[in-house]
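These numbers come from the heavy atoms of this one structure, side chains and all, not from hydrogens, waters or symmetry mates.
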Amino acid sequence: MYTLLIADDEQLERQALRFIIEHNCPEIHIIAETGDGKSAVAITAAEKPDIVLMDIRMPEINGLEAARAIRVTVPDTTIVMLTAFDEFNYAKEALSLGAAEYLLKPLRPKDLLQTLQAIVEKVAHRKRKAQEEAELKKNLDQAMPFIKNSFIHDVITGKVTDLANFQDRAGFLGIKADSGVILVANIDNFKQLTRKTSELEKQVVKQRVYTHVCEIAGNGILIVPFGGDEIIIFIGYEGEVEQGQVERQVRDMARKIRDGIIQVGISLTIGIGRYYTDPLQIHKSYLEAISAEQQKFYIGDNQIIHIDDVPHLNVAPFHYPFNYERNLLDKVRCGERQQAKEILGHILHEIFTAKASMETVKACVLELLIVLSRAAVEGGANLEKLTLLNFNCINHLVSCSDREEVRHWIFDSLDQFMDNMLENRSSMNVRLINKACAYIIENFHKSISLDEVAQIVHLSPYYFSRIFKAEKGCNFVEFLTKVRIDKAKLMLRNPEQTVVRVAAAAGYQDASYFCRVFRQEVGVTPNQYRTEFKHSKPSSATVKG
């Protein structure tokens, strides 16, 4: 359906036009009629009809003046001028004002209908084209984040090697970039801040930061969220600009962004690369900005760091504190958590104060993680569970961006290792001690020793002795003695068993020594125990067993 306005000061003419159109053009809807130019302009501005049929001779303002006003406010409306005066000047002026046609009164219905049909086809074509363009723009708007991301990825990885291609792609994004510089902004402590939030909430925070950065930076600057918590800011320049001027501008921009973001309760650290006059070298600016931003590992958060501000890193050989490490591993194996943490703190202090690169620091603590896990396994940790812990821990280390994150990471890893070790060791110790006790009960009549039983359960005598006492509440000798005396008591209840035979059966080759041990444990001699058992049950006042 196409809309049309009739503007003619003669009512009879308006009625005639309406009759012809309504009876011959069902696709055209007449939205209004008016008899003066001023009303025609107002109605057109409000209703935006596709077509206006307008007489030149009208009161207040004539059709030519009205057409001029309509062309300014509603340029897509098609105007057909009507007049009873066959004068070339009117026709010329009307056409110069953008009128599609010029028709003479009295109108012949055939001429009017042919004109309207031609105009309808043009309007239909224009609407289809506008709809296609709107759809294309919608698709383009949806694809724009991917286009920006693709461009910035190719720039920072050095994949753009053709200057014309670079300029075409930059121009498409509205960036003038004969030269340029890159900044990298990173949300400080993002993982700690959002540790207890959902993934949706994390993305909302990132989007809010990105939106604020875009608003502060303004137009003409390419801003792309890129991997993790990074936001890349590419500032292009038309032609070459003096380097000092660029540096001042980008520092000011970085400060505005940082100070603007902090108002919403989030801090950013922004690294700034060098300015490059060759756009194909701008990937170097990105690498420099990354290196600068990573220096917050040493100097803290909420910083503006230009690559030229970064001191030369320590190039002297890095001496790893192996003396501390050996003590640390001993404490871990023995399950001494607090002492292990104190030594670990000393090791981290040595690593951090060496002022090595962040990559070197992470390599050191990664090696430390490996030896800690090995010590935990030696101390009784479950290897399968520890392997999964290691995998998760290593993934977390990659994302650590400052010393406190690394410190928290390694201490948390140590706690997890020792928790696993002590939990697994506890259940393993119970199994081993039960196995040892079963062996003792089965072989008590033999001359068995602590070393022999420790070897049976594959433990060192020292460690076996310690965990045996912890699990059973008595030492190895006390347990063995109790088993032997209990066996002797049962045999003494049989009057046919001599004390010598009972002693030998209980594992004592010397009967007199057996009697001393029996009296010490039970409170009476073997013969007294037998006599008391024969006459009555043993009294708790005279017999301990």
- Identify which one of Ile43, Val74, Ile31, Ile28 satisfies the side-chain contact (heavy atoms from CB on, under 4.5 Å) criterion when paired with Pro49. Ile31

- Crowded around Lys38 NZ? As in, over 12 foreign heavy atoms under 6.0 Å? no

- Message: Quick test of your reading: applying side-chain hydrogen bond (donor to acceptor under 3.5 Å, both in side chains), list the pairs with at least one residue in residues 152-165, sequence neighbours left out, ordered by first then second residue.
- Response: Asp154-Arg169

- Task: Any chance you could lay out the side-chain hydrogen bond (donor to acceptor under 3.5 Å, both in side chains) test for Gln416 and Asp412, step after step, and finish with the verdict?
- Result: CA-CA 6 Å; Gln416 291 184 69; Asp412 187 55; 3.0 Å; yes

- Item | Flag for Gln281-Lys284: side-chain donor and acceptor within less than 3.5 Å | yes

- Ile272 side chain reached by Arg251 side chain, heavy atoms, under 4.5 Å: yes

- Message: Could you check whether any side-chain heavy atom of Ile343 comes within less than 4.5 Å of a side-chain heavy atom of Glu325, counting everything from C-beta outward?
- Response: no

- Query: Do Thr269 and Asp188 have a side chain donor and acceptor closer than 3.5 Å?
  - Reply: yes

- Message: Counting neighbours of CD on Gln131 that are heavy atoms of other residues, nucleotides or ligands and sit closer than 6.0 Å, is the number greater than 12?
- Response: no

- Using distance alone, with no hydrogens and no angle criterion, decide if Tyr276 and Glu288 have a side-chain donor and acceptor under 3.5 Å apart. yes

- Item | CD/Glu238: more than 12 non-hydrogen atoms of other groups inside 6.0 Å | no

- Query: Are Ile233 and Val184 close enough that some pair of their side-chain heavy atoms sits under 4.5 Å apart?
  - Reply: no

- Is there a donor-acceptor contact under 3.5 Å linking the side chains of Tyr275 and Ser179? yes

- Task: Please round to the nearest 0.5 Å and tell me the distance separating atom CD1 of Ile351 and atom SG of Cys364.
- Result: 5.0 Å

- Message: Between Glu33 and Asp8, is there a side-chain heavy-atom distance shorter than 4.5 Å?
- Response: no

- Validation row, ring centre Phe172 to ring centre Phe151 under 6.0 Å: no

- Task: For Arg71 and Asp76, run salt bridge (charged side-chain N to carboxylate O under 4.0 Å, His left out): C-alpha distance rounded to whole Å, both residues' side-chain angles, the deciding distance at 0.1 Å, then the answer.
- Result: CA-CA 8 Å; Arg71 182 59 55 223; Asp76 288 337; over 6 Å; no

- Message: Less than 4.5 Å apart, side chain to side chain, heavy atoms only: is that true for Ile410 and Leu372?
- Response: yes

- Message: Would you say that Thr77 contacts Ile51 through its side chain, given a criterion of any heavy-atom pair below 4.5 Å between the two side chains?
- Response: no

- d(Asp55 CG, Leu17 CG) to nearest 0.5 Å is 9.5 Å

- How about Lys127: does its NZ atom have over 12 heavy atoms from other parts shown lying under 6.0 Å from it? yes

- Please lay out, stage by stage, how Asp50 and Lys122 fare under the test salt bridge (charged side-chain N to carboxylate O under 4.0 Å, His left out). CA-CA 10 Å; Asp50 297 312; Lys122 290 179 181 179; over 6 Å; no

